[in-house]
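Bear in mind the structure is a predicted one, so any value in this text is a computation, not a measurement. Below, chain A is the first sequence line, B the second, and so on; all start at residue 1.
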There are 2 protein chains.
Amino acid sequence: MTIKEFSSRTGISAHTLRYYEKIGLLRHIRRLPNGHRDFSEKDIQWIAFVQRLKDTDMPLEQIRRYADLREAGDTTLAERQQLLENHARGLRESLAQQQRHLDKLNEKIALYRSAVKRGRLS
Amino acid sequence: MTIKEFSSRTGISAHTLRYYEKIGLLRHIRRLPNGHRDFSEKDIQWIAFVQRLKDTDMPLEQIRRYADLREAGDTTLAERQQLLENHARGLRESLAQQQRHLDKLNEKIALYRSAVKRGRLS
DNA sequence: CCTTGACTTAGAGTCCACTCCAAGCCGTAG
DNA sequence: CTACGGCTTGGAGTGGACTCTAAGTCAAGG
């Protein structure tokens, strides 16, 4: 599929897709005889995973390292597992922290609710 | 207290504190006769709240708007409440999304666990 | 044949949130 | 008196992740 179609199916701009290829997040993209990129379903699946890592705040540089390992083959399975487990642990901790922040924020909002009735804070 | 002490109590570098004052996140910081900043406990409380907003990914620009409202006095209570409620809603949604991401990541890790035993993926 | 439009590249520019730098003032210790 | 450390300022530089620009190729439509 063309970069335009790939872009609309993934929600990533064509610009960004070229950038991702340049920095090594996307590799071995097939090319048509005219040099245009020809994306596949495999590419869709890979980029969806990349998006998940990105959406959970993994830096592109680390995603690139994961891509390196992936490319190196089955001997890097344990290393990739480790990388993902570390990332998941960080994510769990961040989730817990964000939950605490949300609780505190809700307390503050409760204060505001009664303050608004009284027309003044505290 | 000096900027150094304030910095060590809040974990925010002196550089960043001056930057925060410059962009309007910190206001009316008392000054000593020699021009040095003299932070108070009130400043500690305010910056702690700023940190909470920042840690929950509120852009500094929006925190600055909140500071504007706060400065304008009790007539802006409802507006501030609204701002915080919108932020809390976004945070709840983000939390739910991150939880889904974590679940998916854990599924992937489970795949890796068994793949590592077999020495190959899938 | 020429225009249009989608694609290609290398490289420059943007935005956010810092982070650092240079130059200078002030108070104390030697 | 001078050196030093800590503070002050305006402004420049950094890093991450895009985002855009310029200049070019190529295929289809009028």
Side-chain angles (χ1 to χ4, degrees), chain A residues 1-40 43 46-68 83 87 90-91 94 98 101, chain B residues 1-40 43 46-68 87 90 94 98 101:
Chain A
M1 84 196 78
T2 66
I3 197 167
K4 196 184 184 65
E5 192 181 347
F6 192 79
S7 166
S8 88
R9 280 188 57 185
T10 59
I12 303 173
S13 78
H15 272 321
T16 301
L17 289 169
R18 293 192 196 99
Y19 167 71
Y20 280 1
E21 186 175 26
K22 182 155 60 178
I23 66 173
L25 291 193
L26 283 169
R27 301 174 184 199
H28 318 299
I29 301 302
R30 244 199 336 265
R31 296 291 179 133
L32 296 173
N34 60 10
H36 291 195
R37 291 171 185 80
D38 180 22
F39 293 91
S40 72
D43 298 324
W46 165 245
I47 209 71
F49 184 58
V50 166
Q51 278 185 298
R52 192 184 303 291
L53 295 179
K54 196 176 76 62
D55 288 352
T56 50
D57 298 307
M58 183 182 287
L60 298 192
E61 170 58 26
Q62 198 176 343
I63 303 178
R64 203 194 47 68
R65 278 207 294 282
Y66 179 89
D68 285 346
L83 193 156
H87 184 57
L91 187 49
S94 151
Q98 292 296 306
H101 280 315
Chain B
M1 83 197 77
T2 65
I3 197 167
K4 196 183 183 65
E5 192 182 346
F6 192 80
S7 166
S8 89
R9 280 187 59 184
T10 59
I12 302 173
S13 78
H15 272 323
T16 302
L17 289 170
R18 293 193 197 100
Y19 167 70
Y20 280 1
E21 185 175 27
K22 182 154 60 177
I23 67 173
L25 292 193
L26 283 169
R27 303 175 182 196
H28 317 299
I29 301 302
R30 243 199 336 264
R31 296 292 179 131
L32 296 172
N34 62 9
H36 291 195
R37 290 173 185 80
D38 180 23
F39 293 93
S40 72
D43 298 325
W46 164 244
I47 209 70
F49 184 58
V50 167
Q51 277 185 301
R52 193 185 301 292
L53 294 179
K54 196 178 77 63
D55 288 351
T56 50
D57 297 308
M58 185 183 284
L60 299 193
E61 169 57 26
Q62 199 176 341
I63 302 179
R64 204 194 47 67
R65 276 207 295 281
Y66 179 88
D68 285 347
H87 184 57
S94 152
Q98 293 295 306
H101 280 316

Checklist entry - For the residue pair D38(A) and I29(A), what are the closest heavy atoms and their distance? => result N-CG2, 4.1 Å

Item to check | R37(B) side chain near dT8(D) phosphate (N/O to OP1/OP2, under 4.0 Å) | outcome: yes

Checklist entry - In residues 12-30 of chain A, which residues come under 4.0 Å of DNA chain D by heavy atom? => result H15(A), T16(A), Y19(A), Y20(A)

Item to check | Whole angstrom value for the distance that separates P of dC18(D) from CG of D57(A) | outcome: 11 Å

Item to check | Spacing of N34(B) atom CG relative to dG5(D) atom P, expressed in whole Å | outcome: 18 Å

Checklist entry - What's the CE-P distance between M1(A) and dA6(C), to the nearest Å? => result 18 Å

Checklist entry - Atom NZ of K4(A) to atom C1' of dT4(C): distance rounded to whole Å? => result 14 Å

Item to check | NZ/NE/NH1/NH2 to OD/OE distance under 4.0 Å, E21(A) and R18(A) | outcome: no

Checklist outcome for this item: Between NZ of K54(B) and P of dA17(C) the distance, given in whole Å, is 9 Å

Item to check | Nearest heavy-atom neighbours spanning R30(A) and S40(A) | outcome: NH2-CB, 4.1 Å

Item to check | L26(A) and W46(A), any side-chain heavy atoms less than 4.5 Å apart | outcome: yes

Checklist entry - Between Q51(B) (CD) and dA17(C) (P), how many Å, whole number? => result 15 Å

Item to check | Closest to the H36(B) side chain, choosing from dA17(D), dC7(D), dC7(C) | outcome: dC7(D)

Item to check | Heavy-atom side-chain contact between I12(B) and Q51(B) under 4.5 Å | outcome: yes

Checklist entry - OP1 or OP2 of dC16(C) sitting under 4.0 Å from any side-chain N/O of R64(B)? => result no

Item to check | Integer-rounded Å distance: dC18(D) C1' and I47(A) CD1 | outcome: 14 Å

Checklist entry - Between dT8(C), dA17(D), dA27(D), which nucleotide gets closest to the side-chain atoms of P59(A)? => result dA17(D)

Checklist outcome for this item: Nearest heavy-atom contact between I63(A) and L25(A) is CG2-CD2, 3.7 Å

Next on the checklist: I need the CG-P distance between D38(A) and dT8(C), as an integer number of Å.
Outcome noted: 10 Å

Item to check | 5'-most by nearest nucleotide on DNA chain D - R31(B) or L60(A) | outcome: R31(B)

Item to check | Check: R27(A) and D68(A) side chains under 4.5 Å, non-hydrogen atoms | outcome: yes

